[in-house]
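I have placed the structure first, in the form of structure tokens, so that the comments after it can refer back to it.
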Amino acid sequence: MAIVLLGFGLRVYKLTSSPSGLYIDETSIAYNAWSVLVTGKDEHGKTFPLFFEAFGEWKLPVYIYAVVLTQLFTGPTDASVRIAAVIFGTLSIVWTALFVKELLKTHSPQLAANAGLLAAFSLLVSPWHFQYTHAGFEASSAFFFLSLGLWLFMLAWGKKSSVWLTISLLSFIGALYAYNSSRIVVPALLIVLFILYLKQFSWRQWIIAFGCTILLVLPFISFSLSPAGWARARQISFLYDEKYQGRKAELLVKNYLANLSPIYLFYRGDPTIDHDSRHRMGLLYPIELPLILIALGWIIRSGKKELWLLPLVFMIGLVPPAITTLVPHALRGLMTVVGSSSLSGLGMAIIVARLKKPPLKLLAMSLYTIILIGLSLRFLQIYHTMYIKEAESDWLTHIKVTGEKVRNITPRYSYVFFEPGLNGISMWWNLRLPPAIFQATNDKAQIGNFVFDVKSENEIP
């Protein structure tokens, strides 16, 4: 319980002030959620859509509808779009701990309990996980469903239950509808689970589980095969770029190794400013590297094929960013943190198990805890000071400030005019343009008493 409360507290602290602005996808999610809440339609006037059109791509439904639920309590606030990620992130810490414990309990109950607790602690203070569960990133919801699905699958394995197996598959389907990287991660992970645990369930149980869930995945498959479903992939993946013809296999390997690089993972971090960690530190703490290697060595020596699930989760999670043109990319590789935190926790649990004397066990755990707390405090201090200032423009803080000032003066004027470049979803959200009025306006150059893209006095009504 203490880990859960601390995880929630760290992520909810300075929720709307660090960063103080919302990046463009956050505003799109927030505005569409508000629109659905008050009108039952998205910004384009579609009634309770399953997929949301957004500036040249399509957003998946899970996170948007989660924000609809938070706005029932908070209204159309900046906090509404971020508190959903905090909740998803906090609960995913719990699911990861339970997953590791269930996976290992047949080997050693004590090792399983310690590894689960330590995996939760590793995820709690993870810079990688924090970055995308403190702000409103859709990937947080996919991480939630992926870690939940893994735990439920382990429960199904232990109970030999087709009911739990079906519920596990439902959770994995939830991840599919949550974030685009899941299109690769979930099918690959299901194949791995099927191969590793084929004989652990009867064919009847497999057929029942897949049969009960297949109808729910059909709309996603249909969407994914449509031009709209491929729109985002065509924007970001080199697989659709003709200039890489004949080099795609080579580039895939190169990109994958770039995302696997220890320098990237443990030292430099993500090179993109809006997800940036080069102002802070790596995505994983350096102390985790030897622990992950210890865990890998132990898994190899154990001879138990089901334990290979941990490194395979880690490896599969790095595939989505490897097929894109912006490499490496921490957001698209977020799912790999389920594996890295699990391996890190297992590695430390193995060290503790090897120490025979209780004082040595206590000393090892104390040193590990102190080091991780120290590193996480350093990360948080830099995140909430240096990083936030340097990345301010990418979080569109200026749009938020402008929108708030305009909202305060609007009642005193018949019209408010904006220079070119301020017309878009971020400004519409920060102005809190009523969705009903927005939907009824065909020409977005003027919405209500807001006139956008004014270039000369002749355009003033």
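Atoms considered below: every heavy atom in the structure, side chains included; atoms not considered: hydrogens, waters and symmetry mates.
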For residues [X] and [Y], determine if any side-chain heavy atom of one lies less than 4.5 Å from a side-chain heavy atom of the other.
X	Y	result
Leu10	Leu6	yes
Lys59	Asp25	yes
Leu309	Met154	yes
Tyr285	Ser376	yes
Val125	Phe379	no
Asn255	Thr324	no
Leu289	Leu284	no
Pro311	Leu296	yes

Can you establish whether the number of heavy atoms outside [X] located under 6.0 Å from its atom [atom1] is more than 12?
X	atom1	value
Phe194	CZ	yes
Lys389	NZ	no
Lys14	NZ	yes
Ile263	CD1	no
Trp164	CH2	no

Side-chain donor/acceptor of [X] to backbone N/O of [Y], under 3.5 Å:
X	Y	result
His44	Glu53	yes
Arg432	Pro76	yes
Ser226	Phe223	yes
Ser342	Val338	yes
Ser122	Ala119	no
Thr39	Val36	no
Ser181	Arg332	yes
Asn430	Glu404	no
Ser168	Gly149	yes
Arg11	Val86	no

Assert yes or no for the condition that the ring centre distance of [X] to [Y] is strictly below 6.0 Å.
X	Y	result
Phe145	Tyr179	no
Phe153	Phe172	no
Trp428	Phe438	yes
Phe143	Tyr132	no

Find the distance between [atom1] ([X]) and [atom2] ([Y]) and round it off to the nearest 0.5 Å.
X	Y	atom1	atom2	value
Ile64	Ser141	CD1	OG	10.0 Å
Ser344	Leu372	OG	CG	7.0 Å
Leu118	Leu291	CG	CG	9.0 Å
Leu103	Leu98	CG	CG	12.5 Å
Leu91	Leu148	CG	CG	9.0 Å
Ile83	Phe73	CD1	CZ	12.0 Å

- Message: Assess the residue pair Phe418 and Leu431 against the criterion (side-chain contact (heavy atoms from CB on, under 4.5 Å)); give the C-alpha distance rounded to whole Å, side-chain angles, the decisive distance to 0.1 Å, and a yes or no.
- Response: CA-CA 12 Å; Phe418 293 84; Leu431 291 172; 3.8 Å; yes
Closest contact, heavy atoms only, [X] versus [Y]:
X	Y	value
Asp78	Ser20	OD2-O, 4.5 Å
Pro321	His329	CB-O, 3.6 Å
Asn449	Thr410	ND2-CG2, 3.5 Å
Val100	Gly116	CG1-N, 3.8 Å
Ser140	Thr133	CB-CG2, 3.9 Å
His129	Ser126	N-OG, 3.1 Å

- Query: Do Ser80 and Gln71 pass the side chain to side chain donor-acceptor pair (under 3.5 Å) test, and can you show the C-alpha distance, the side-chain angles, and the key distance before you say yes or no?
  - Reply: CA-CA 6 Å; Ser80 69; Gln71 289 185 355; 3.2 Å; yes
- Which word best sums up how the rings of Tyr383 and His134 line up, parallel for under 30°, tilted for 30 to 60°, or perpendicular for over 60°? perpendicular
- Message: Apply side-chain contact (heavy atoms from CB on, under 4.5 Å) to residues Glu138 and Ile29 and explain how you reach the verdict.
- Response: CA-CA 9 Å; Glu138 298 163 282; Ile29 291 167; 3.7 Å; yes
- Message: Pair Phe99, Leu310 - check side-chain contact (heavy atoms from CB on, under 4.5 Å), show working.
- Response: CA-CA 10 Å; Phe99 157 57; Leu310 293 181; 3.6 Å; yes
- Message: Just by distance, no angles: are the side chains of Asp270 and Trp128 close enough, under 3.5 Å, to form a donor-acceptor pair?
- Response: no
- Message: Between Val12 and Thr90, does the side-chain contact (heavy atoms from CB on, under 4.5 Å) criterion hold? Intermediate values first, please.
- Response: CA-CA 10 Å; Val12 82; Thr90 302; over 6 Å; no
- Message: Checking ring-ring contact (aromatic ring centres under 6.0 Å, His included) between Phe52 and each of Tyr31, Tyr65, Tyr177, Tyr63, which is the one that passes?
- Response: Tyr65
- Message: Working note: Glu288 + Ser340, criterion side chain to side chain donor-acceptor pair (under 3.5 Å); need CA distance, chi angles, decisive distance, verdict.
- Response: CA-CA 8 Å; Glu288 294 184 89; Ser340 65; 5.4 Å; no
